[in-house]
Amino acid sequence: MKYTEEHEWLRAEGDAYVVGITEHATTQLGDLVFVELPEVGTTVAKDDEIVVIESVKAASDIMAPVDGEITEVNEALAADPSLANSDPLGDGWFFKIKPSDASQLDGLMDEAAYTALIG
Amino acid sequence: MSDLKQTPLHALHVALGAKMVPFAGYDMPVQFPLGVMKEHLHTRTKAGLFDVSHMGQVIVRGATYEAAAMGLETLIPVDVLGLGENRQRYGFFTNEDGGIEDDLMLANRGNHVFVVVNAACKDADIAHMKSALAPDVVVTEITDRALLALQGPAAETVLATLDLRAADMRFMDVATLDLNGVDAWVSRSGYTGEDGYEISVPMDSAEPLARALLDHPDVEPIGLGARDSLRLEAGLCLYGHDIDDTTTPVEAGLTWAIQKVRRVGDDRAGGFPGADQILHQIEDGVTRKRVGLLPEGRAPMREGVPLFDAEDSEEPIGTITSGSFGPTVGGPVAMGYVPTEYAKTGTTLYGELRGKRMPVTVAKLPFTPANFKR
């Protein structure tokens, strides 16, 4: 598992990565009530704001962790955003991305570094 | 951050695991470990305990209740004089343009008026009353009492375990109850659309009372996040957002709070700041109104979202003043101002969200039915 400073996690699945947000992030955000996901097939660049999430209190964005193509999105999460709160590392995943430049993955944190980041 | 004030329940909030945020100069709990959604739903189905000690508690005292009431009627367009003993009423301070300087609750406590005002406005409100009412009427801020709110359908059962007389009170009654051995100034009212009480107690008694109430299995501590979503679903205005010094009570849909005796042709018509404008608007109508708004889909439309009358029109016709996700409604809810011709229930408007126009329907307020004990 790899992590970004924006509190996303990435888990390898074939030649793509499943992306979600960490439990630390969902705790900070509170109950999610709305998720707008990108379209499958979209080409995105690292740091593009590709997902809109809203909690009861506020809206925020999730950025593309690497350059690549969106290969799948979690429609169940769009229908029930609370999945991100109840199972952030499992059923609450957001999208799958196929990186166009695998070397960008090297810049991400491992679990130990992420745990240190959130202190 | 260090200059933030703390309420007498601050240590309890921290001990209960609250997430604290700055609000109106106070370090306040925005949510507890239960989370905004569950706190909201718990209050609607059982009972929630809120710390509202940041709000201003003020005693206005003249030679008699009538003297204090007549003084306040020069600042507030409601019938203070005719308010029965041990009864409470909603009101607001107005300005010369007919705008609202703050909204408040007034209670007739026999020989004085007890006033509760918003935290962010309390210093200005107190200065305003002192300068306008002196020397015959004395205005005293109560700084040694906390204010708690117990809200929800189980509130009566819970409070009656401490003093049976709680159950005898009706909506908008006030009484002095004996809660845990202390004199509590209690009103049967609140800011959630649910039955419930607001409870003023001496500072030192606040935490023991809060713990006693929280010991009841039906009571959970509730933060400011759920307080906001509860009042929004209940169609209640938040000062500084849905009403302010540029919105009149008539535009805000608060004409019901201006009793007939203060209106044109009656005994104590006018005599408050902005009376000409406000009374004229009651007679002849207004050009814009506060309305309820139900956005389509799941995306909340929040304060500041512009409203359009068509998908392709250039100029906005209005703005959302409060908006969030309504946990009981199960979807987004909002309020805002629109020109009167668009204020009819069922009118379709468009809110612009992240560059996209999304349909929103003008809806009746409240979004959730009020559950008061009349």
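First the proteins, then the strands, lettered A, B, ... as listed; each starts at 1.
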Taken to the nearest 0.5 Å, the spacing of A:Asp61 CG from B:Arg354 CZ works out to 7.5 Å

Nearest heavy-atom contact between B:Arg302 and A:Ala59 is NE-N, 4.0 Å

Applying ring-ring contact (aromatic ring centres under 6.0 Å, His included) to B:His241 and not counting sequence neighbours gives none

Applying ring-ring contact (aromatic ring centres under 6.0 Å, His included) to B:His216 and not counting sequence neighbours gives none

Honestly, the part of A:Ser82 sitting under 4.5 Å from a heavy atom of chain B is neither

Other residues, nucleotides, ligands: >12 heavy atoms within 6.0 Å of A:Glu23 CD: no

Check the surroundings of atom CD in A:Gln104: do more than 12 heavy atoms from other residues, nucleotides or ligands lie under 6.0 Å from it?
yes

Taking a cut-off of under 4.5 angstrom between non-hydrogen atoms, the residues of residues 318-331 of chain B near chain A are B:Ser324, B:Phe325

Cut-off 4.5 Å, heavy atoms of chain A, and the answer for B:Arg298 is both

Bottom line for B:Lys19: the part with an atom under 4.5 Å from chain A's heavy atoms is side chain

Filtered by a 4.5 Å non-hydrogen cutoff, the part of residues 24-50 of chain A contacting chain B is A:Gln28, A:Gly30, A:Asp31, A:Leu32, A:Val33, A:Phe34, A:Glu36

